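Reading through the structure tokens given below for one structure.
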Amino acid sequence: MMPQAQRQRGAALLLLVAVLGLGAASLLIGAFGRNTGEAARQQRTLLTLAQARDALLGFAATNGRLPRPAASALDGRERPADCAGDADCSGFLPWVALGVTGVDAWGKLLRYSVTPEMARAPIVSFSAVANRVVLRRDARGELAYVAGQEQCDVSAQCLPAVLFSQGRERFGTAASGVRQVNTARGNVDEAANDSDSRRYISRPASAQDGVPGGAYDDMLVWISVPVLYQRMRAARNLP
């Protein structure tokens with residue numbers, strides 16, 4: 001029988017792996033200084049993202065679909081109408097519908113993008129195609145896929161949903177609905193995350209404008225098809 005201390009160490013390791021497995025967002029911890037409150041705010045934001053991700057999975061298990069984005073920056077209920085396309089399914093986390101906080105540690109609304117087909121019930125597992133993708137910068141500064149690929153189909157699924165904080169600097173929208181002005185130049189990766197509705201970029205934080213992709217402090221997590229379907233099957237809510 002495994003000793004008690006070894007079981008405790010194993011449980012702690014599994015918890016650490018679970019937190020670090022929430023996409024590349026974990027790379028951001030400590031990137032802006034370890035002896036200030038900034039690292040604590042990053043950690044709180046990661047925890048908020050993890051809680052929101054779990055709430056999204058719980059919503060899908062109960063409702064047979066993922067929620068649509070929030071109605072507006074001031075209304076955390078989900079949009080009432082089906083998404084007409086990818087742009088309609090990209091916006092803010094529907095925090096009221098999920099029963100979670102909708103802001104990060106800097107008071108900015110969390111962003112949320114869901115594949116339209118995954119926001120309609122019922123999700124038919126043998127035909128539904130998830131189409132969100134996440135990319136990173138490789139050693140040469142070129143974009144490469146982290147999750148998903150150029151073509152998404154039933155046999156090569158991409159992501160059902162992406163969730164992210166826009167960090168302390170530059171882009172973002174306050175809980176009051178006021179958009180933060182982008183004061184940087186060349187932060188093309190952050191600009192892409194702010195405007196795109198299907199492709200998102202996740203990479204380590206940088207305050208330097210001259211690095212490939214520019215200054216960056218976004219924090220991303222996402223939901224994969226296997227994880228989504230596993231939670232829905234456990235609730236017997238997946239055709």
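Just so it is clear, the values below take in all heavy atoms, side chains as well, and ignore hydrogens, waters and symmetry mates. Values in this document were obtained by computation on a predicted structure and should not be read as measured data.
With respect to L93, the side chain to side chain contact (heavy atoms under 4.5 Å, CB included) criterion is satisfied by exactly one of L109, V100, T101: V100. Among the candidates V146, L49, V227, the single residue satisfying the side chain to side chain contact (heavy atoms under 4.5 Å, CB included) test with W222 is V146.
Side chain of N237 to main chain of T62: a donor-acceptor pair is present (N/O by atom type, distance under 3.5 Å, no hydrogens or angles). One N or O on the side chain of E190 and one on the backbone of D217 form a donor-acceptor pair closer than 3.5 Å. One N or O on the side chain of K108 and one on the backbone of R168 form a donor-acceptor pair closer than 3.5 Å. At distances below 3.5 Å, at least one donor-acceptor pair connects side-chain atoms of D88 with backbone N or O atoms of A84. The main-chain N or O of L163 is never found under 3.5 Å from a side-chain atom of R111 such that the two would form a donor-acceptor pair. Not a single donor-acceptor pair under 3.5 Å links the side chain of Q208 to the backbone N or O of G210. In this structure, T115 contributes its side chain and A130 its backbone to no donor-acceptor pair below 3.5 Å. For R136 (side chain) and L143 (main-chain N/O), no donor-acceptor pair under 3.5 Å exists by modelled atom type. The backbone N or O of M219 sits nowhere less than 3.5 Å from a side-chain atom of Q42 that would complete a donor-acceptor pair. Between the side chain of D153 and the main chain of A156, a donor-acceptor pair closer than 3.5 Å is present.
No side-chain heavy atom of V225 sits less than 4.5 Å from a side-chain heavy atom of L159. Side-chain contact between M118 and P67 is absent, with no heavy-atom pair separated by less than 4.5 Å. For the pair L46/R41, no side-chain contact is recorded, criterion being any heavy-atom separation below 4.5 Å from C-beta on. Two residues are said to be in side-chain contact when any heavy atoms from C-beta on lie closer than 4.5 Å; L110 and V103 fail this criterion. Under the 4.5 Å side-chain criterion, counting only non-hydrogen atoms from C-beta, P69 is not in contact with F92. A heavy-atom distance below 4.5 Å is not found between the side chains of R79 and S72. The shortest distance between side-chain heavy atoms of L66 and Y112 falls below 4.5 Å. Proximity of I123 to Y229: side-chain heavy atoms (C-beta onward) are separated by under 4.5 Å at one or more points.
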- Steps toward side chain to side chain contact (heavy atoms under 4.5 Å, CB included) verdict (M232, L228): CA-CA 6 Å; M232 294 178 68; L228 175 65; 3.8 Å; yes
- Passes side chain to side chain contact (heavy atoms under 4.5 Å, CB included), D218 versus Y200? Steps please. CA-CA 10 Å; D218 290 358; Y200 297 92; over 6 Å; no
- Item | Derivation and outcome, side chain to side chain contact (heavy atoms under 4.5 Å, CB included), residues L57 and F59 | CA-CA 5 Å; L57 291 169; F59 183 101; over 6 Å; no
- Query: Given Q180 and W106, is the side chain to side chain donor-acceptor pair (under 3.5 Å) satisfied, shown in steps?
  - Reply: CA-CA 12 Å; Q180 180 169 321; W106 299 277; over 6 Å; no
- Query: Going through the distances and angles, do R199 and N193 end up as a side chain to side chain contact (heavy atoms under 4.5 Å, CB included)?
  - Reply: CA-CA 8 Å; R199 294 162 56 93; N193 287 348; over 6 Å; no
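With 3.5 Å as the limit, one finds a donor-acceptor pair spanning the side chains of S165 and D104. Using modelled atom types, one finds a donor on one side chain and an acceptor on the other under 3.5 Å when comparing R132 with S113. Between the side chains of W95 and E78, not a single donor N or O lies within less than 3.5 Å of an accepting N or O.
By the 4.0 Å N-to-carboxylate-O rule, D209 lies too far from R185 to be salt-bridged with it. A salt bridge does not link R65 to D82: none of the charged side-chain nitrogens sits closer than 4.0 Å to a carboxylate oxygen. Using a cut-off of 4.0 Å between Lys/Arg side-chain N and Asp/Glu carboxylate O, D194 and R179 are scored as salt-bridged. Using a 4.0 Å cut-off between charged side-chain N and carboxylate O, E142 and R137 make no salt bridge.
At most 12 heavy atoms of other shown residues, nucleotides or ligands fall within 6.0 angstrom of atom CZ in R77. For CD of Q149, the number of neighbouring non-hydrogen atoms (other residues, nucleotides, ligands) closer than 6.0 Å is greater than 12.
Taking both residues in full, the closest heavy atoms of C89 and P116 are given as SG-CA, 3.7 Å, listed atom of the first, atom of the second, then distance. Nearest heavy-atom pair, V211 versus S206, reported as atom, atom and distance to 0.1 Å: CG2-OG, 3.7 Å. In terms of heavy-atom proximity, L74 sits nearest to S176 at CD2-O, 3.4 Å. Shortest non-hydrogen contact noted between V154 and A128 is CG2-O, 4.2 Å. Taking each heavy atom of Y216 and P204 in turn, the nearest pair found is CD2-O, 3.9 Å. Nearest heavy atom pair, residue A235 against residue A61, reads CB-O, 3.5 Å.
Hydrophobic clustering places L56 together with L238 (ILVMFWY residues linked when any side-chain heavy atoms are closer than 4.5 Å, directly or through intermediates). Under the 4.5 Å side-chain contact rule for hydrophobic residues, V221 and V133 do not share a cluster.
In this structure, the separation between CG on N182 and CD on Q166 is 10.0 Å, given to the nearest 0.5 Å. Summarising the geometry, atom CD belonging to E150 is positioned 9.0 Å from atom SG belonging to C158; distances are rounded to the nearest 0.5 Å.
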